[in-house]
Amino acid sequence: MGFDLRDVGGVRTKLFYLEAASIMGVDVVNLEACGGALCSSVVVRDFGEPWFFVDVVGEGTLRVDDLQFAVFNYGDEGESRWVRASPGRHSLSLVLSPVRMFGERKVSFNGMYVVYREPSLFNFVLRAKLLLDVADAFDDLRLDYLRVLNEALDAVPLDSMANWQLEFAVRGHIVEPPGFVRALFNYYDSKELTHLRSPDFNELSKAAKEGLRILEKGIEELRVRRGHRGVVYVAGHAHIDLGWLWSRDVTREKIRRTVINVLSLLQSYPELTFLVSNMAYLKWLSEDKDLWSRIKDAIKAGRVIPIGGMWVESDTNLPGGESLARQFLYGQRFLLKEFGFTTEIGWLPDTFGFPASLPQILRKAGIKVFFEHKMYWNTVNKFPYSVFLWEGIDGSVIPTINYATYGADLTPRQIARAWSDHTSPELPAFLPFGKGDGGGGPTWLMLERYGAYRDLPGMPRLVMGNLKDLVNKVVKDCSLPRWRGELYLEIHRGVYTNGIRLKQLVRILETKLRELEALSVVVGVHKNYEELWYPLLEAEYHDPMGATSTKAVYDEIINELEEDLRKVNNELMNVLRNVLGTGSLTTIINSLPWSRRELVMTKEELGGVPMQKVDEGYLALVSIPALGWKSFEVGDGVSSGDVNVGGDYIENSMIKVVFNDSLKIYDKEVKRWAIEEGNLVVCEDMPSRWDGWDIEAYYKRVCRKLKPIGFSIVERGPLRGCIEVNYKFRDSSIKQRICVNAFNRRVDVENEVDWKERLTLLKAVYKLGLFGHNASFEIPYGVISRPTRPSNTWEVAKFEVPALRWVDVWDPDYGVAIINDGRQGYSVEENTVSITLLRSPIYPNPFLDYGHSKFTYAIYPHPGDWRIAQIPRRAYEFNQPLIIVENTSGGESSFLEVTNPAVMLEALKWGEDSGIVMRLYETYGINTCTEVKGSIRGDGVETDLIELGDYGTTDMSNLCFRPYEIKTVLISS
């Protein structure tokens, strides 16, 4: 570059001065309070090119007559405070949000103005600024573009501007001012600079037209020498979290503000298309009939495009498989009902990793291509592909687009990255643009960028339109690289553990809703419970599910889930009492499709049943048929069982639990130690970037074992024996109640914690009496293996991993499972497994899990591997206890039984359109068949997760599965 050329900084400086000089006049808009808004009637002069400027740090909605626009400013951005005006009288109203983009409480409004610009000069400044950004972003284009810009700037002389022009340009600018111009007003008041004179607008207008001619001529000359770098598809979008740093009423306003802004921009920019990705948001918007009519028209015209197909952009590691199915069932069905179509585009840009079962779920929900961004966030390994075929554990394959950012401003630097990171240059890259989080979506300047860059020499060609063309290109490409297994995110590992009560409520509601639906089918109560699913599905949005939200948002979600659980329990009891009748019997219901022999807690003794008196009432050992019930008379029980208690141990006929400073479990049947040592461990937990989200590998550097301060026997059998162990750590106390039940290998560990720490992590660590060849983890609708001895950086990065209900560390001859009720973060190193019990970050919720909590997990030692031990069934039993209904007339009945333990019945419900729907999945990873016995007989029709496909008839007496296959069967009722 020659020394006589202005560099990037030099060009930017002159453009700022020209932008200041383009301001021909400024009128103050006097706003007055009017019913929660600020209102005015203003006359815009027929003078230059008028713009409204809203001087705000925060966000709001500006109504200009019948049009509405999002106005926002999150730092020093200028474009989103500017709205084009037209001459004449206008009715204005401005509604400001009480919080800023990230929920901050400091919102400032400093006035509103009508700003008049010299049209030709401002047009030149805008065009030149957009080209300057290209020069700044592309090293190999810089010299060519700077030469064109320099020649054009030479044709637009400027020797002064008025003090008021300079001051206002610093306040509200499109071109970034030099630092020294900002600093000028730290030393001088604008009124002192009266010697600065106004420019001649007529001369500037003529010069600007010539400068613009030179720009366009220079670009055309470049076009001869510079071709395109490929193709980038773009689309407007706004990623707005359902609940993060602001409450859901603010979310609703952000969404509304964004959509009305888009609808206004559609009138000025006919090329704009906008993607909407949460169907719950559309349902919220449908409550405003006038606005909904406009949205439906825009969707019909293809300008607003619903994508994703999920109720909300859910977490996918932590919810159960049926929750993910319902996200699509209710999301896709909403689209079908309102618009007559479902979407083929899956969309999860911000979700914290993806399980290996998701490809099958996506395909069976009607999704053809999956769009995600989060794999860009990996901190150890760079994810190798931007477009690839993702293969799940069952063999399902879905084309996947891993795009560079989900909130672009459509700057050349972002476009350059979208293309440079693209690993399949024979296909288009993808880049969504628009303001997210605080909302607003696309801005006028982003759309000006699109117009300037769509066919600019040397840059990728930009295409905006319906994404079906991109989807079709990706689907047809058979040469794409393949990725098998999970998409593990190498960051945000703390979300598996955060929020004890939230994760418990999610687990309980998942269970209770499925029980309610199944038992409604059993007793013939024909009812749809979709509305009761909504609070659960919305709580599973990725930030609420990860408990990475403020205290106010977390409490709001908890309160809503508690209320939803109350409603579900009431519905369930009403359903059961209607069929069981009124009487003096106690009826115990088994909602799982296999018979069970387990302990239950009753208020009174049951006649002839093995009983044990405990503080809460009576323990009873009962046998209940598959998906059915059995009633018992109140009367004298019998004292029998196999639990014995010694000075420091509890045992039954199968296992012996010993506690002597640490927990040990001995397997009496195979004569070996299952657990050689078990301890509670506290570690320093100080992530460097995302405090509430992350667990860093260096947490292990500062850890200490907790020594018990008290030990006692609290139950002595014969049906259950329990020991209680107390710990003290700083100001916190932990009480563990470790129990052995009769005729059962399961050891329950009940935890009661009064936690007063911050920046500290609590783990339960168990050294197992085996080699630890394998570690298997339940995921939604499946199981995956992860290494116990890492051999590469991809495996090393998995030092903390998610599991749904259970993890099992096993050798071919023996294994130990840990089963949870919502504690989902684990690490396995050789023959040591640890479960993360709680974290205590300070941001964004310094009160998270502070104070009193209760949770339980279970240890299940077993001969053979996890399949032989039927661990999936044991985990369901732990999470789905028998239901007790007192004062019934009762009886004994079994509705349905699944004979093969490898096959799990996940849902039994009334069909969305007709019949009864059963959803089952294979849990062992094998080809197998099962018989479904009971009241459901004959053939069914296999369908998809959204109950729209027809895959042919299937025989319920011999229902066959491929490894980890999910089957949805529709049976005529």
Side-chain angles (χ1 to χ4, degrees), residues 22-73 77-100 107-119 122 162 164-165 167-169 171-174 190 201 250 252-269 285 288-295 435 438-445 447:
S22 75
I23 301 174
M24 303 176 72
V26 178
D27 293 342
V28 176
V29 176
N30 294 312
L31 296 169
E32 296 182 354
C34 60
L38 297 172
C39 301
S40 181
S41 177
V42 63
V43 175
V44 175
R45 293 181 283 158
D46 188 3
F47 175 51
E49 181 179 292
W51 291 74
F52 293 118
F53 176 71
V54 183
D55 191 359
V56 62
V57 178
E59 54 198 55
T61 305
L62 175 65
R63 180 188 288 272
V64 182
D65 301 325
D66 294 329
L67 293 178
Q68 297 181 72
F69 302 89
V71 290
F72 44 92
N73 175 31
E77 296 146 334
E79 65 187 90
S80 304
R81 294 178 289 173
W82 293 92
V83 174
R84 279 193 173 92
S86 60
R89 180 173 292 279
H90 298 282
S91 174
L92 306 179
S93 68
L94 176 64
V95 179
L96 295 172
S97 171
V99 297
R100 289 164 60 181
V107 177
S108 61
F109 172 66
N110 303 308
M112 182 173 171
Y113 307 88
V114 183
V115 179
Y116 302 89
R117 294 187 181 271
E118 203 297 308
F122 184 62
W164 60 270
Q165 289 178 306
E167 182 183 35
F168 200 91
R171 189 176 191 179
H173 54 268
I174 304 301
S190 172
F201 292 116
V250 173
R252 284 175 174 259
E253 187 54 40
K254 287 174 183 285
I255 293 160
R256 179 183 172 83
R257 181 185 309 120
T258 298
V259 170
I260 60 176
N261 184 64
V262 167
L263 293 174
S264 297
L265 287 172
L266 289 177
Q267 299 189 30
S268 303
Y269 296 93
L285 291 167
D288 183 331
K289 300 306 179 185
D290 292 338
L291 177 59
W292 186 235
S293 177
R294 296 173 61 199
I295 293 169
K435 297 291 185 183
T443 67
W444 65 271
L445 185 55
L447 293 165

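Please read these numbers as outputs of a predicted model, since none were measured by experiment.
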Q: Any chance you could lay out the side chain to side chain donor-acceptor pair (under 3.5 Å) test for E79 and T443, step after step, and finish with the verdict?
A: CA-CA 7 Å; E79 65 187 90; T443 67; 2.2 Å; yes

- request: State whether the side chain of S40 and the backbone N or O of N30 hold a donor-acceptor pair below 3.5 Å, judged by distance alone.
  value: yes

Hits for side-chain contact (heavy atoms from CB on, under 4.5 Å) against V83, two or more places apart or cross-chain, chain-then-number order -> F52, L62, F69, V71

Residues passing the side chain to side chain donor-acceptor pair (under 3.5 Å) test with W51, sequence neighbours excluded, are E49

Contacts table for residues 108-117: side-chain donor-acceptor under 3.5 angstrom, sequence neighbours left out:
from : atom 1 : to   : atom 2 : distance (Å)
Y113 : OH     : R171 : NH1    : 3.1
Y113 : OH     : R171 : NH2    : 2.9
Y116 : OH     : D27  : OD2    : 3.0
Y116 : OH     : R45  : N      : 3.0
R117 : NH1    : S22  : OG     : 3.1

- Query: Would M24 and Q165 satisfy side chain to side chain contact (heavy atoms under 4.5 Å, CB included), going step by step from the backbone distance to the final call?
  - Reply: CA-CA 8 Å; M24 303 176 72; Q165 289 178 306; over 6 Å; no

Sorted by chain and number, sequence neighbours left out, side chain to side chain donor-acceptor pair (under 3.5 Å) with R63 holds for none

Original post:
So, D46 side chain and P87 main chain: donor-acceptor pair closer than 3.5 Å or not?
Top reply: no

Here the gap from R84 atom CZ to L67 atom CG, rounded to the nearest 0.5 Å, amounts to 13.5 Å

- Message: When you measure from the side chain of T258 to the backbone of K254, do you find a donor-acceptor pair of N or O atoms at a distance under 3.5 Å?
- Response: yes

S190 meets the side chain to side chain donor-acceptor pair (under 3.5 Å) criterion, sequence neighbours left out, with E167

Please verify the inter-ring angle class for F53 with F168; under 30° counts as parallel, over 60° as perpendicular, anything in between as tilted. perpendicular

### Query
Is a side-chain N or O of D65 found less than 3.5 angstrom from the main chain of S91, in a donor-acceptor match?
yes

Notebook entry, point to check: Would you find a donor on one side and an acceptor on the other, under 3.5 Å apart, between the side chain of R257 and the backbone of G60?
Noted result: yes

Nearest heavy-atom contact between N261 and G440 is ND2-O, 3.0 Å

Here the salt bridge (Lys or Arg N to Asp or Glu O under 4.0 Å) pairs for residues 89-98, sequence neighbours left out, are none

Where do L94 and L92 land on the side chain to side chain contact (heavy atoms under 4.5 Å, CB included) test, with the steps shown first? CA-CA 7 Å; L94 176 64; L92 306 179; over 6 Å; no

